[in-house]
Protein chains: 4
Amino acid sequence: MNKTVSQRWQRRKAERPGEIINAALDLFVEKGYAATRLEEVARKAGVSKGTLYLYFDNKAALFKAVVRETVLPELERAENFVRDYQGSASELLNHMVYKWWQTVGETKLCGLPKLIIAEAGNFPEIARFYYDEVIVRARKLLADICRSGMAQGEFRSCHPDYAARTLISPLVFAAIWKTSFKQFEQVPFDINIFLEHHLDLFFNGIRKTEV
Amino acid sequence: MNKTVSQRWQRRKAERPGEIINAALDLFVEKGYAATRLEEVARKAGVSKGTLYLYFDNKAALFKAVVRETVLPELERAENFVRDYQGSASELLNHMVYKWWQTVGETKLCGLPKLIIAEAGNFPEIARFYYDEVIVRARKLLADICRSGMAQGEFRSCHPDYAARTLISPLVFAAIWKTSFKQFEQVPFDINIFLEHHLDLFFNGIRKTEV
Amino acid sequence: MNKTVSQRWQRRKAERPGEIINAALDLFVEKGYAATRLEEVARKAGVSKGTLYLYFDNKAALFKAVVRETVLPELERAENFVRDYQGSASELLNHMVYKWWQTVGETKLCGLPKLIIAEAGNFPEIARFYYDEVIVRARKLLADICRSGMAQGEFRSCHPDYAARTLISPLVFAAIWKTSFKQFEQVPFDINIFLEHHLDLFFNGIRKTEV
Amino acid sequence: MNKTVSQRWQRRKAERPGEIINAALDLFVEKGYAATRLEEVARKAGVSKGTLYLYFDNKAALFKAVVRETVLPELERAENFVRDYQGSASELLNHMVYKWWQTVGETKLCGLPKLIIAEAGNFPEIARFYYDEVIVRARKLLADICRSGMAQGEFRSCHPDYAARTLISPLVFAAIWKTSFKQFEQVPFDINIFLEHHLDLFFNGIRKTEV
DNA sequence: GATGAATGAGATTTCATTCAT
DNA sequence: TATGAATGAAATCTCATTCAT
């Protein structure tokens, strides 16, 4: 055995799960869970159907891995960003919203909300994981910013959790729109106008009005 | 013969379609399209598998009928209500939001948004129908109210279509929440607080500030 | 009850089976046994599906009735004709062949040979009936003519049963051709040329050559 | 591991299609297309229902494959034989007739004419293929021999295509007989007597009578 | 007698999963 | 470890037959 070959083999082996997850993400997002055939995933990942089962117990396990592996890294990145942020709450929220759209709305992650929503009923395990590890954390991230905005007299007083939800709703809405209805629209949906309106209304609504 | 006795064999041509659609709505909403077995639909509707095919050409046709029959009547009712309404734009929008939640969020229709979103990719025909007959009409309904609010100096000037979207987003968000994540939440999601916050922010944001 | 109405009703009742058999013949011949749906037979006969079962026990029974009722009358007519015939064997055979084509080959009975052949395996009862009541009788009819032709020195000596089969084969062949392949042929199959050739060869082959 | 032990699970990619076609031929010929269950085909071929679909798209495709694979090889063999033949037209035709009976009439191919005739209506594609690739070619083969017989003064002048049809008819007739009615006959049908009579009449009828 | 809505057995087909190679 | 041929459970859909009206 040649050492470099063996090493390359090792590398390949280490990368396999990621390649499979990547292929699966594309297909799950495009077709949904039930309509995605493992044969296609395998083909797209450049492996055989049998190989899938070396890395994942079954279709459901693959699905879970896809969700886990694609969502968490982004969330952690966001948390780190917020931790280090210096500046006003408005500016930060504004940045978060546009950043979310950049990393989710404009990438293939855009289909993930739809996917998770669609399959939450069939995969309670996934839904719970997503709830605990993504939703709660993400909402806390935004709610904390709102809270600090109120503390600093930037925002008027309101329930930060619900404010966070109000802030997120249009993002989820837009992602879903893109996945499901964009293809039919006559007048194109302009995400920039939408976010601008949303943030304008939101900040107008939440900012402390000077007497 | 006692007619009230439960008979396995009954001729009820008129009632059947409605009963089948009703059963199908429940199951589609609960499990999604693919995971719903026609045998189950039949059992729930109290008919045999074959009877389904007397009234609907195939599974997809049944799905379409479910969407068509459950959504349109509500929308029409809303359109009529708006047409006859006398009062301020704020009051009307406020009413519309709570009414939506009452007729959709708190009934079994609550699962429909999720269902349509989940299946839009697999049923472009449905998605298009829903886009044309529901989304466009519903948005126009709200946008027209916003527009008239602006015309009457109640609201400051902004793009009515996008304002309408901002208004709707949290409703869709809440419906999806209920279908998919409510079961896991630790702190209960209070729809009243949510709508109150949303509308408070929204009207604060959109109302004409007196100089 | 009005007597004429009642009488008309009676007449109608008497004619029903015939109308059903007629419709069934058309469809069996056109589509084959398995591909013929009883609903279609009913529609074509102008009755309901249920009515079929008032007159025939099941699909197989209807099929048998179709065969029985459409074939036997023609055969009997032929037997009567032969019994009364005065003239040479050649002339009679010649006449029989053309007559067969006229009454079978050129009517909807043309599809019957194919039908019976196709279903003989699935309906041994039909096949046996057809063998006993049609094939044996028809062959005897022709064989007897051959036999008398030999007795009268018109034909040279040979086995009359096999001569009869030789005489019939091209007729069956032509009927099958028409049902199954006529639609594809480039050069049209000319039945007159075919029968002329066949009979020419046949009579040339069987006639007593004068020394 | 002992390879000769009967294993339920075997990989035999190369042999499978042939085995399946073979099993299907038997069953199609025995029961007809519609009455043949794919489960039975699978069982007879020693595979599972699913395996059928690895090799054939659907039932119709399997049917087509059966026809294609079983008929064409024999026809090609015959064409090669004729091409290389040295001798009189009568001898050749005589040989062809007996040979046909040997390879078709006395093997399981005997049921194929019936099968194709029976299904021509439901499978126009098959019928057309059979017409183009089998009937036209086979007829041409025989017609060419007749033609050369006429050219060499062996046969008197007639239309070679129709002579070929006359020659073939009794063969088809006999094959159909065997498949459909042989089981009921009282006096056994002797194929040798039949072919002898047929050829005797045919050659008597077609040969050039010396003046 | 006549109807046609309702039934349900049974057919074809799909595809996640297994396992000999 | 990797393959992909093979499996078989399970789904949709059809249609001969039944039976309340």
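Nothing here was measured: the structure is a model prediction, and the numbers come from that model. In what follows, chains carry the letters A, B, and so on, assigned in the order in which the sequence lines appear, proteins first and then strands, with residues in each chain numbered from 1.
Judged by distance alone with a 3.5 Å cut-off, no donor-acceptor contact links the side chain of D:Lys49 to the base of F:dT7.
One interatomic measurement links the two molecules: CD of D:Gln10 to C1' of E:dT21, which rounds to 12 Å at whole-angstrom precision. Straight-line distance from the CG atom of D:Leu62 to the P atom of E:dT13: 10 Å, rounded to whole Å. Between A:Arg43 atom CZ and F:dA2 atom P there is a gap of 20 Å when expressed in whole angstrom units. Per the geometry, CG belonging to B:Leu52 stands 12 Å off P belonging to F:dT14, to the nearest Å. Following rounding to the nearest Å, B:Phe63 (CZ) and F:dT12 (C1') show an atom-to-atom distance of 17 Å. The NZ-P distance, from D:Lys59 to E:dT14, rounds to 15 Å in whole Å.
Residues B:Lys108 and B:Asn22 meet the side-chain proximity criterion, which asks for heavy atoms closer than 4.5 Å. Side-chain atoms of C:Glu40 and C:Lys44, non-hydrogen and from C-beta on, never get closer than 4.5 Å to each other. With a 4.5 Å cut-off on side-chain heavy atoms, D:Ser48 and D:Thr51 count as touching. At least one side-chain heavy atom of A:Phe63 sits under 4.5 Å from a side-chain heavy atom of A:Leu115. Looking at heavy atoms from C-beta onward, A:Leu109 lies out of side-chain contact with A:Val71 at the 4.5 angstrom threshold.
Considering only side-chain atoms of D:Tyr53, the nucleotide from E:dT7, E:dT14, F:dT12 that sits closest is E:dT14. Minimum atom distance to the side chain of B:Asn58 is reached by F:dC13, of the listed E:dT17, F:dC13, E:dG8. Ranking E:dT13, E:dT7, F:dA2 by closeness to the A:Leu54 side chain, first place goes to F:dA2.
Look at B:Glu19 and B:Arg16 and you find a salt bridge, because one of the NZ, NE, NH1 or NH2 atoms lies within 4.0 Å of a carboxylate O, short of that distance.
For the pair C:Ala60 and D:Lys13, nearest-nucleotide mapping onto DNA chain F gives the more 5' position to D:Lys13. Taking the nucleotide of DNA chain E with the nearest heavy atom to each of D:Asp57 and A:Asp57, the more 5' of the two is matched to D:Asp57.
Side-chain atoms of D:Tyr33 come within 3.5 Å of backbone N or O of D:Ala60 as a donor-acceptor pair. Under a 3.5 Å cut-off, the side chain of B:Arg37 and the backbone N or O of B:Ala34 do form a donor-acceptor pair.
The shortest distance between the side-chain N/O atoms of B:Arg12 and the OP1/OP2 oxygens of F:dA20 is not below 4.0 Å. Under 4.0 angstrom from either OP1 or OP2 of E:dT3 there lies no side-chain N or O belonging to B:Arg11. OP1 or OP2 of F:dT3 has at least one side-chain nitrogen or oxygen of A:Thr51 nearer than 4.0 Å.
For DNA chain F, each stem of at least three Watson-Crick or G-U pairs (distances under 3.5 Å) is given as range with range: E:2-21 with F:2-21.
Among the protein residues, B:Tyr55 comes within range of the sugar-phosphate backbone only, with heavy atoms under 4.0 Å from sugar or phosphate atoms but none that close to a base.
Every pair passing salt bridge (charged side-chain N to carboxylate O under 4.0 Å, His left out) that includes a residue from residues 61-70 of chain B is listed here, sequence neighbours excluded: B:Lys64-B:Glu125.
The two residues A:Val41 and A:Ala23 have their closest heavy-atom pair at O-CB, 3.8 Å.
At a non-hydrogen distance threshold of 4.0 Å, A:Thr36, A:Arg37, A:Leu38 from residues 24-39 of chain A come into contact with DNA chain E.
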